[in-house]
Amino acid sequence: MDGRRCRTKITDFAGEADAGDAPALRDYTPVKRLALIACLVHKARMRVRDDLATMFCKRVATKIKKAKMELEEIRLAEREIIEALIGNYRVVPKGIDADGPAQPALAKAVETTAETRGPGCFGRGVGTGAGVGEP
């Protein structure tokens, strides 16, 4: 017998054993009864294994979803910290030397930040230091 017919026979025997009750199974010969019960047990084990795999996949998907949400919260918190640091960095070179060598680097940082984040991404004037350390 090839594999396909064996699977079909196992399924048929399992269905036959499942449909019959104890008195009906007593009518079969001991060998046939044993074969029917073995097929029924095999199918039940397969069903349980499939259900367990499904539960595991659902559990892992839930964990992944929760981890992604936590990661996004961490990213947002880090973004706020970085934006505050950049805002503070803009104030420091202006206070040290308004026409010094740090001004081209500051202008480049402002341009890069504006290109990456878009205009007005920090909620204050770009390069003015407004809202950082000022009342």
Side-chain angles (χ1 to χ4, degrees):
M1 281 190 151
D2 63 359
R4 176 175 293 228
R5 279 193 272 173
C6 286
R7 285 187 295 236
T8 304
K9 283 286 187 189
I10 290 171
T11 303
D12 290 343
F13 282 0
E16 188 176 338
D18 192 31
D21 54 356
L25 289 177
R26 281 193 206 129
D27 295 339
Y28 292 109
T29 63
V31 174
K32 174 82 173 195
R33 186 178 19 207
L34 183 62
L36 291 173
I37 292 173
C39 291
L40 180 64
V41 169
H42 175 71
K43 280 299 186 180
R45 288 181 69 194
M46 285 178 43
R47 224 175 296 134
V48 168
R49 188 174 46 233
D50 290 346
D51 291 345
L52 185 61
T54 301
M55 288 188 298
F56 177 74
C57 289
K58 287 180 181 180
R59 179 75 173 218
V60 169
T62 302
K63 294 285 185 185
I64 289 172
K65 184 177 178 182
K66 184 178 178 183
K68 284 182 180 181
M69 289 173 36
E70 289 176 3
L71 180 61
E72 188 59 31
E73 290 174 5
I74 291 170
R75 283 185 182 153
L76 290 174
E78 292 295 319
R79 184 177 295 147
E80 289 176 8
I81 291 170
I82 290 170
E83 289 175 358
L85 290 173
I86 290 173
N88 289 337
Y89 171 74
R90 289 184 180 149
V91 174
V92 171
K94 284 188 177 253
I96 294 174
D97 190 7
D99 297 323
Q103 290 307 316
L106 176 63
K108 184 176 179 182
V110 168
E111 289 175 19
T112 304
T113 305
E115 290 172 4
T116 304
R117 306 291 296 184
C121 66
F122 297 111
R124 51 190 174 278
V126 177
T128 64
V132 179
E134 298 177 9

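In this structure Glu72 satisfies the side-chain contact (heavy atoms from CB on, under 4.5 Å) test together with Arg75, Leu76, sequence neighbours excluded. Residues passing the side-chain contact (heavy atoms from CB on, under 4.5 Å) test with Ile81 are Glu78, Leu85, sequence neighbours excluded. For Glu73, there are no side-chain contact (heavy atoms from CB on, under 4.5 Å) partners at least two apart in sequence or on another chain.
Residue Val31 shares its hydrophobic cluster (ILVMFWY side chains chained together at separations under 4.5 Å) with no other residue. In the hydrophobic clustering, where aliphatic and aromatic side chains (Ile, Leu, Val, Met, Phe, Trp, Tyr) are joined below 4.5 Å either directly or transitively, Met69 stands alone. Taking Ile, Leu, Val, Met, Phe, Trp and Tyr as members and joining any whose side-chain heavy atoms lie under 4.5 Å apart, directly or through other members, Leu71 forms no hydrophobic cluster with any other residue.
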Could you go through residues 36-62 and list every donor-acceptor pair under 3.5 Å that involves a side-chain atom there, pairing it with any protein atom two or more places apart or in another chain?
residue	atom	partner	partner atom	Å
Lys43	NZ	Thr11	OG1	3.1
Thr54	OG1	Asp50	O	2.9
Thr62	OG1	Lys58	O	2.9

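Pairs of residues two or more places apart, or lying in two chains, never qualify as side-chain hydrogen bond (donor to acceptor under 3.5 Å, both in side chains) while including a residue from residues 30-41.
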